[in-house]
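Let me begin by presenting the structure, written as structure tokens, before commenting on it.
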Amino acid sequence: MLDLFFYVQFGTSLLHIRKRLLLPLVCAFTGKSRPSPANVPASAASRTKMGTPNPLRCGAFGRQAIQEGIPMIAKILLVFVFVAVAVGVGIYCNRSTKTVDGFVLGGRKVGPWMSAFAYGTSYFSAVVFVGYAGQFGFKYGIAATWAGIGNAILGSLLAWWILGPRTREITHRLGAQTMPEFFGKRYQSKALRIAAAAIIFVFLIPYTASVYNGLSRLFGMAFDLPYDVCVIGMAIITCIYVVVGGYMATVMNDFIQGIVMLLGITAVIVAVIMSNGGFTEAITQLSQIPVEGSAMQGPFVSFFGPDLFNLLGVVVLTSLGTWGLPQMVQKFYAIKSGPAVKQGAIISTVFAFVVAGGSYFLGGFGRLYQGQIEYAANGTPIYDSVIPTMLSTLPDVLIGLVIVLVLSASMSTLSSLVLTSSSTLTIDLIKGNFVKDMDEKKQLVSMRALLVVFIIISALIALLQYHSSIVFIAQLMGYSWGALAGAFLGPFLWGLYKKRVSKAAVWCSFIVGVGLTAVNMGMGFAGTPLIASPINCGALCMILSLIIVPVVSLFTPSEEFPLEPPSRLSATDRAFEEQIAREEAAGEPVPGSAADGAREGIAPAVQEAIDTVRSS
């Protein structure tokens, strides 16, 4: 049934492309009349004496097609170049996919710039730019920028500082390639490993469908194309470069896509503000809009907005949640060195300030368009229409840039999600459980096959959700982030820093995170949820996870895991000490020692000063 649905939608989409996009361009360049031009009178003057069609004299439709065709060509070229680069990168990176470690983690040799951009582009999908920015900007005004600031400081900077070095060190020591594998080896429990993999499968796969959100309105605005074409096209392109190039293709494309996102969001913010008379005029207009049910003056330009409590829930969910999401933490597994973590933290934070802070800041001006956006039958704003409405008056070139921006955000997140899902299912469920003797070649085949399957499933879910009134799918998308982070955050963080964490504590975190989410979602589906906002439910799950793990570990038996206490030395200093230890073991002169000074020809007085400093 799903296959029939897919083929029908695909065929309909091709007919729509021919009618809406290709036909006007053909008329523009050939000068021929559009078939059955009911509203365009025939004219002999529209043809030359020789009877050759002339595109400059082809009637009203031809002139309109020329006027509309050139900007359309510019937008198509932007998208075409973007797609060609993405596929080309996938082919180039194929050489690094000969082993499981290379396919899943890029051989753990990814540098700071690519790791930071991969983290940022996986973090901020079209859901943030179109959905969250429009929704929270409309609700909280300029104060929604706090969500972007939280994403930069808590979700990026502190995540890299606190999780990055430890994650790289412990996963290297354990030989773990996925989060379930980390749980299984860290807590010496195969059951925990399987349970974690099952949670990822249940909640991460439906979440992949949400990355298509926002594409329909933007592509409809730019190309007059149906949602189906956008979803199928993006799925095919992502599938090609991830299946061919693996993790390295993902991070290299993420780097390119990240640059597009930085340039695009900056240009869009400037253009939207200027279209409202400049920053001061836009703020003045926004300050005069009242909030429903409150006497607060200028609520949408106030420091904390009209609803601080729910804004805080948004900040916690979207910032702290990344600490427990498998596709985000995986970036720390693959980074090549300790100093690279330190550099990546700064790069990732700047990226988040610009992209996340800029998106929420842009959404804060959404109330200026409240008379133009779409509303549901009950009068509720359709939040996904806020950002597209703001962008609808921009020049065609900027709209083309926005399309590439949203494609970049969506494809980077989708590739990260499906790569995490396929590797988790292969390494943690299939290998050793269903296929006992699974060598690297079989694992690579399995992961590639599952990548294709998961991308097809995500596209089908997105199309099914769009064309039906099934509320459950949308609810599952909304709850996925909170369920995953609520289950994994405590066990992962405490597992990196605490020697004694019990298996029972990890099980409790899994049960509370998934259980509370499922109960709340079920009650909401039946009528009245336990916690009205899925965002606040997810934030509560994460906080409970951080509390439950150390508390339950106090009263339940645990096996000690050897951990060094956090060092006061920087990542660079630790790397330098490791280098000295290796050189000493190899019998080479230690840098700065008397033997090294004699070899380098350092003056005795200078060497004496060096020795004094080293001994102090």
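Computed from a predicted model, the values in this text were never measured in an experiment.
- Every residue meeting the side chain to side chain donor-acceptor pair (under 3.5 Å) condition with Asn536, not counting sequence neighbours, appears here in chain and number order: Asn310.
- Put simply, the side chain of Ser458 gets close to the backbone of Ile455: a donor and an acceptor are under 3.5 Å apart.
- The heavy-atom pair separating Gly258 from Phe351 by the smallest distance is O-CE1, 3.5 Å.
- Gln257 contributes atom CD, which lies 6.5 Å from atom OG of Ser415 (distance to the nearest 0.5 angstrom).
- Residues satisfying the salt bridge (Lys or Arg N to Asp or Glu O under 4.0 Å) test with Asp254, not counting sequence neighbours, are none.
- Met252 places a side-chain heavy atom less than 4.5 Å from the side chain of Tyr92.
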Table please: side-chain donor-acceptor pairs of residues 137-153 below 3.5 Å, with sequence neighbours left out.
| unit_1 | atom_1 | unit_2 | atom_2 | d |
| --- | --- | --- | --- | --- |
| Thr145 | OG1 | Ile142 | O | 2.7 |
| Trp146 | NE1 | Phe303 | O | 2.8 |
| Asn151 | ND2 | Tyr123 | OH | 3.3 |
| Asn151 | ND2 | Ala147 | O | 3.1 |
| Asn151 | ND2 | Thr318 | O | 3.3 |
| Asn151 | ND2 | Thr318 | OG1 | 3.0 |
| Asn151 | ND2 | Ser319 | OG | 2.9 |

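- Contact check for Ile265 versus Ser359: side-chain heavy atoms found under the 4.5 Å cut-off.
- Side-chain N or O atoms of Arg168 include one that pairs as donor or acceptor with a backbone N or O of Ile335 at under 3.5 Å.
- Judged by distance alone, the side chain of Trp494 and the main-chain N or O of Leu546 form a donor-acceptor pair under 3.5 Å.
- For the residue pair Asn520 / Tyr479, a side-chain donor-acceptor distance below 3.5 Å is found, with atom types taken as modelled.
- Under the side-chain contact (heavy atoms from CB on, under 4.5 Å) criterion, Ser545 pairs with Leu489, Pro491, Ser509, sequence neighbours left out.
- With a 4.5 Å cut-off on side-chain heavy atoms, Met411 and Ile237 count as touching.
- The backbone N or O of Phe117 lies less than 3.5 Å from a partner atom in the side chain of Thr121, making a donor-acceptor pair.
- Nearest approach of Ala159 to Tyr119, heavy atoms of both residues: CB-OH, 3.5 Å.
- Tyr187 has its ring centre no less than 6.0 Å from the ring centre of Phe561.
- Put simply, the side chain of Ser422 gets close to the backbone of Leu419: a donor and an acceptor are under 3.5 Å apart.
- Partners of Thr517 according to the side chain to side chain donor-acceptor pair (under 3.5 Å) rule, which considers only residues two or more places apart in sequence or in another chain, do not exist here.
- Trp481 contributes no side-chain N or O that, together with a main-chain N or O of Leu325, makes up a donor-acceptor pair within less than 3.5 Å.
- A donor-acceptor distance shorter than 3.5 angstrom exists from the side chain of Ser385 to the backbone of Ile382, with no hydrogens or angles considered.
- Contact check for Trp507 versus Val552: no side-chain heavy atoms found under the 4.5 Å cut-off.
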From CA spacing to verdict: side chain to side chain contact (heavy atoms under 4.5 Å, CB included), Phe454, Leu417: CA-CA 9 Å; Phe454 290 155; Leu417 289 169; over 6 Å; no

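- Taking the side chain to side chain donor-acceptor pair (under 3.5 Å) definition, one finds that Tyr369 meets it with Asn276, sequence neighbours left out.
- Shown here are the side-chain contact (heavy atoms from CB on, under 4.5 Å) partners of Ile511, two or more places apart in sequence or in another chain: there are none.
- Taking the side chain as every heavy atom from C-beta outward, Leu493 and Ile162 approach each other to under 4.5 Å.
- Of all heavy-atom pairs between Ala487 and Val514, the closest is CB-CG2, 4.2 Å.
- The shortest distance between side-chain heavy atoms of Val341 and Trp160 falls below 4.5 Å.
- Among residues two or more places apart in sequence or in another chain, the side-chain contact (heavy atoms from CB on, under 4.5 Å) test is passed with Phe279 by Ile273, Ile283, Phe361, Phe365.
- The two residues Gln330 and Tyr247 make their nearest non-hydrogen contact at OE1-CE1, 4.2 Å.
- Side chain of Tyr333 to backbone of Val104: no donor-acceptor contact under 3.5 angstrom is found.
- For residues 401-421, the set of pairs meeting the ring pair (Phe, Tyr, Trp, His ring centres under 6.0 Å) definition, not counting sequence neighbours, is empty.
- Under the 3.5 Å distance criterion, the side-chain polar atoms of Thr426 are left unmatched by any main-chain donor or acceptor of Ser423.
- Here the shortest heavy-atom pairing between Gly90 and Val244 reads O-CG1, 3.3 Å.
- Annotation: Phe136 is in aromatic contact with Tyr132 [ring centroid separation under 6.0 Å].
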Decide yes or no on side chain to side chain contact (heavy atoms under 4.5 Å, CB included) for Phe309 and Leu312, but give the supporting numbers first. CA-CA 5 Å; Phe309 178 77; Leu312 185 62; 5.6 Å; no

Check against side chain to side chain contact (heavy atoms under 4.5 Å, CB included), Val100 and Ile427: CA-CA 9 Å; Val100 171; Ile427 296 172; 4.2 Å; yes

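- Closest non-hydrogen pair, Leu157 versus Ala345, comes out as CD1-O, 4.2 Å.
- Listed by chain and residue number, nothing satisfies the side chain to side chain donor-acceptor pair (under 3.5 Å) test with Thr208 (two or more places apart in sequence, or in another chain).
- Looking only at distances, a side-chain donor or acceptor of Thr97 sits under 3.5 Å from a matching main-chain atom of Asn94.
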Output side-chain donor-acceptor pairs under 3.5 Å for residues 176-183, partner residues at least two apart or in another chain, one line each.
| unit_1 | atom_1 | unit_2 | atom_2 | d |
| --- | --- | --- | --- | --- |
| Gln177 | NE2 | Asp101 | OD1 | 3.4 |
| Thr178 | OG1 | Glu181 | N | 3.2 |
| Thr178 | OG1 | Asp428 | OD1 | 3.3 |
| Thr178 | OG1 | Asp428 | OD2 | 2.6 |
| Glu181 | OE1 | Gln177 | N | 2.8 |
| Glu181 | OE2 | Lys185 | NZ | 3.1 |

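- Side-chain contact between Phe492 and Trp323 is absent, with no heavy-atom pair separated by less than 4.5 Å.
- In this structure, Arg186 has no salt bridge (Lys or Arg N to Asp or Glu O under 4.0 Å) partners at least two apart in sequence or on a different chain.
- In summary, the side chains of Lys331 and Ser416 do present a donor paired with an acceptor at a separation below 3.5 Å, with no hydrogens or angles considered.
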Step by step, work out the side chain to side chain contact (heavy atoms under 4.5 Å, CB included) result for Ser553 and Arg500. CA-CA 7 Å; Ser553 295; Arg500 293 184 176 273; over 6 Å; no

